[in-house]
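This structure is a prediction, so every number in the text was calculated from the model and none was measured.
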Amino acid sequence: RFLRHIERNSTLLFLIPADAPDIKEQYEILLDELRRYNPELLDKERLIAISKCDMLDEELKAELKSELDRQLPIPYIFISSVAQQGLQELKDKLWQMLNN
């Protein structure tokens with residue numbers, strides 16, 4: 001039922017926690033699930049929200065950002081609902097993606 005709602009959206013948001021052992025691998029797993037469910041979903045615009053960023057200090061966040069810039073083929077945003085970080089940026093980016 002959940003995946004039927006995905007088909008109606010023009011943009012896909014992937015939520016991956018900052019403490020995941022390998023963010024790129026988690027992203028690839030989610031893509032594979034979409035590919036197996038409906039390959040047409042891979043044509044949609046995508047964004048990754050890296051959650052729990054409040055667990056990262058600035059040095060660790062910079063290191064992770066450098067790594068992700070090399071590894072990820074799509075845009076990403078660091079967010080934390082607990083610390084209220086990056087949420088407005090996430091909303092603005094989604095609004096921009098939906099209205100282009």
In one Ile/Leu/Val/Met/Phe/Trp/Tyr side-chain cluster, 4.5 Å: [X], [Y]:
X	Y	result
Met97	Tyr27	no
Leu64	Met55	no
Ile77	Leu68	no
Leu90	Leu12	no
Trp95	Ile74	no

Is there a side-chain contact between [X] and [Y] (heavy atoms, below 4.5 Å)?
X	Y	answer
Ser10	Leu98	yes
Lys93	Leu47	yes
Gln26	Phe14	no

Which pair of non-hydrogen atoms, one from [X] and one from [Y], has the smallest distance, and what is that distance?
X	Y	value
Leu87	Ser81	CD1-CA, 4.2 Å
Lys52	Ala18	O-CB, 3.9 Å
Pro17	Ser51	CA-OG, 3.3 Å
Ile79	Ala49	CD1-CB, 4.0 Å
Leu60	Leu56	CD2-CD2, 3.7 Å

Once salt bridge (charged side-chain N to carboxylate O under 4.0 Å, His left out) is applied, do any residues pair with [X], and if so which ones, sequence neighbours excluded?
X	result
Asp92	none
Lys61	none
Lys24	Glu28
Arg36	Asp32

Qualifying ring pair (Phe, Tyr, Trp, His ring centres under 6.0 Å) pairs with a residue from residues 48-82, counting only residues at least two apart or across chains =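 As it turns out, the ring pair (Phe, Tyr, Trp, His ring centres under 6.0 Å) pairs with a partner in residues 48-82, which skip direct neighbours, are Tyr76-Phe78.
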query = Any salt bridge (Lys or Arg N to Asp or Glu O under 4.0 Å) pairs touching residues 64-76, not counting sequence neighbours?
reply =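 Listed by first then second residue: Lys65-Asp69.
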request  = Mind checking the CG-CG spacing from Asn38 to Asp43? Nearest 0.5 Å is all I need.
outcome  =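 Reported to 0.5 Å precision, the distance equals 9.0 Å.
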query = If you measure from CD on Glu89 to CD on Gln96, what distance do you get to the nearest 0.5 Å?
reply =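 Answer for the CD-CD pair, Glu89 versus Gln96, is 10.5 Å.
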request  = Might you work through the side-chain contact (heavy atoms from CB on, under 4.5 Å) test for Arg46 and Leu31, ending with a clear yes or no?
outcome  = CA-CA 10 Å; Arg46 297 175 229 155; Leu31 282 184; 3.4 Å; yes
message = One pair to check against side-chain contact (heavy atoms from CB on, under 4.5 Å): Leu15 and Ile48. What are the steps and the verdict?
response = CA-CA 6 Å; Leu15 185 64; Ile48 297 175; over 6 Å; no
Under 3.5 Å donor-acceptor, Glu25 side chain and Asp22 backbone =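 Judged by distance alone, no pair lies under 3.5 Å.
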